[in-house]
There are 2 protein chains.
Amino acid sequence: MLEEANTERADLPSDRRAARTQATKDEILEAAWELVRKHGLAALSLRELAARVGMRAPSLYQYFPSKLAIYDAMFGQASRAALDAMNGDLPADRHEAMRTLAHRVFGFATSDPVRAQLLFQRTIPDFEPSPESYAPSVEMSARLGDVLAEYGFDDPDAADLWTALVGGLIAQQLANDPGGTRWARLIDRTADMFVDRMGPRNRAPRKKGK
Amino acid sequence: MLEEANTERADLPSDRRAARTQATKDEILEAAWELVRKHGLAALSLRELAARVGMRAPSLYQYFPSKLAIYDAMFGQASRAALDAMNGDLPADRHEAMRTLAHRVFGFATSDPVRAQLLFQRTIPDFEPSPESYAPSVEMSARLGDVLAEYGFDDPDAADLWTALVGGLIAQQLANDPGGTRWARLIDRTADMFVDRMGPRNRAPRKKGK
DNA sequence: GTCTATATGTGGATAGAC
DNA sequence: GTCTATCCACATATAGAC
């Protein structure tokens, strides 16, 4: 009964090994981000990735079971970063709050286009994020719902309209003026437009006729 | 490739050959659309494409110099189709006109997701549309500017805001509810919101404070 | 335990036979 | 104009060296 179980105290070799394995995985992911930023999201090559961390391609399979698993881990990192970027206190004023929120999401997305592409577009064949990697995105949706409710946006379509507005600004900025400010300048006006249309006082004002 | 300008007389063998070549190119492109609709835009395989038109892969190079050239020809077809979809008379009423325009673009984009992906997202590594294939898209932008001016939207940001709004609705619909109507239902409200905010009477009404 | 060597299958692309 | 044969890069899987 005195055999040393491998799953006990800290400082056991197995724990150190796990930590080292995790460190290597992080190093691989960091190199993967550099490569996709350089060559594009779909152009990730395992050979080139392995070379960048001083390995041969097959050795990567000791850390990730497939190329799609690497994309999934990257998705998880991006998803968590998006959630972090969205968090933080918001001004009490409704207009200022939604402006601030829009700027946070816009800034996060445009600061790293390939990360945004991985998160918000489904462009890699056969890739679908695992539930674990997707969880922060789900929490983001819930967070948005909380914020909208807190500021009095009780229209059930408010969240969908908001994501369309902010996502539209981001997509146009990335596609047609990467690195510029052509759509960034429209953030405040768009947020105000949303608040004025969907806010508690001015619910659903439509055109006069009809 | 618009090499149909052989500048000779009609009915010459070279013309008949050119016509037949063009017919084969069209057949290849039609098969390519079927494949990308089936397997995804990035998963187009020349071998499978050739088999679908009764050839071997190398024979495709008699009609297109590369795989990217096939994507480019597809982009040209999609671009022309988008321009056609946008055309047509519009109601005199400003609200109705912008609603109609939004529905046309939205319907075009959501009716064929891979076509929209090829047109509006830059997802294929190293692919950039040629000036010839891109020309209809340029004309579309000009057309939008004409329409906005005609209906009195003289704010220089009106076109950029409009593309962001409509593009945002389309992107969300395709990404999060393909085949559904979750964002389609928001088109009229979004168009009205745009008109009320950017129209001649109500230019740039911002929040009261500040 | 960690990596390399090797093998398989698929991809785009080219050369040359017919 | 289409084919066969081939090349090179790729992801992937397995066996075995250390």
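Chain naming here is simple, since letters A, B, ... match the order of the sequence lines and numbering starts at 1 in each. Given the structure is predicted, the values throughout are model-derived calculations rather than measurements. Every heavy atom of this structure was used, including side-chain atoms; hydrogens, water molecules and symmetry mates were not.
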Of all of residues 22-45 of chain A, which get a heavy atom below 4.0 angstrom from DNA chain D, listed by number?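 Close to the strand are L44(A), S45(A).
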Nearest-Å distance, [atom1] ([X]) to [atom2] ([N])?
| X | N | atom1 | atom2 | value |
| --- | --- | --- | --- | --- |
| L49(A) | dA11(D) | CG | C1' | 12 Å |
| E48(A) | dA9(D) | CD | C1' | 12 Å |
| L60(B) | dG1(D) | CG | C1' | 12 Å |

Using OP1 and OP2 only, check whether a side-chain N or O of [X] sits under 4.0 Å from [N].
| X | N | value |
| --- | --- | --- |
| Y63(A) | dC3(C) | yes |
| S59(A) | dT2(C) | no |
| Y61(A) | dT12(D) | yes |

Should we count CD of E34(B) as having more than 12 external heavy atoms under 6.0 Å?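 Atom CD in E34(B) is packed in, count exceeds 12.
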How about D89(B): does its CG atom have over 12 heavy atoms from other parts shown lying under 6.0 Å from it? no
Can you identify which nucleotide, out of dA11(D), dC3(D), dG12(C), has its nearest atom closest to the L46(B) side chain?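 Nucleotide nearest to L46(B)'s side chain: dG12(C).
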Look at the side chain of R17(B) and decide which nucleotide, out of dC3(D), dT2(C), dG1(D), has an atom nearest to it. dG1(D)
Between [Y] and [X], does any NZ, NE, NH1 or NH2 come within less than 4.0 Å of an OD or OE carboxylate oxygen?
| X | Y | answer |
| --- | --- | --- |
| D72(A) | K67(A) | no |
| R185(A) | D157(B) | yes |
| E139(A) | R143(A) | yes |

Inter- and intrachain pairs under ring pair (Phe, Tyr, Trp, His ring centres under 6.0 Å), touching residues 18-43 of chain B, at least two apart: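 As it turns out, there is no ring pair (Phe, Tyr, Trp, His ring centres under 6.0 Å) pair with a partner in residues 18-43 of chain B once direct neighbours are skipped.
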Pairwise ring pair (Phe, Tyr, Trp, His ring centres under 6.0 Å) hits with a residue in residues 148-183 of chain B, at least two apart: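 Listed by first then second residue: F153(B)-F194(B), W162(B)-F194(B).
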Name the orientation class of the two ring planes belonging to F75(A) and Y134(A) (parallel below 30°, tilted from 30 to 60°, perpendicular beyond 60°). parallel
Report the residue (R47(A) or A57(A)) whose heavy-atom-nearest nucleotide on DNA chain C is the more 5′ of the two.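 So the residue in question is A57(A).
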State whether the side chain of R56(A) and the backbone N or O of A50(A) hold a donor-acceptor pair below 3.5 Å, judged by distance alone. no
Using only atom types and a distance under 3.5 Å, with no angle test, would you say the side chain of S79(B) pairs donor to acceptor with the backbone of S137(B)?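 Yes; at least one donor-acceptor contact below 3.5 Å.
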Mind running a 4.0 Å heavy-atom check of residues 64-71 of chain A against DNA chain C and sending the residues that fall below it, in number order? none
Just the atom pairs and distances: protein N or O near nucleotides 16-18 of chain D's N or O, under 3.5 Å.
none

Which side-chain N or O atoms in residues 113-122 of chain B pair as donor and acceptor under 3.5 Å with protein atoms at least two apart or in another chain?
| residue | atom | partner | partner atom | Å |
| --- | --- | --- | --- | --- |
| R115(B) | NH2 | F108(B) | O | 3.1 |
| R115(B) | NH2 | S111(B) | OG | 3.3 |

I want to confirm an ordering. Mapping T21(B) and P58(B) to their closest nucleotides on DNA chain D, which one lands closer to the 5' end? T21(B)
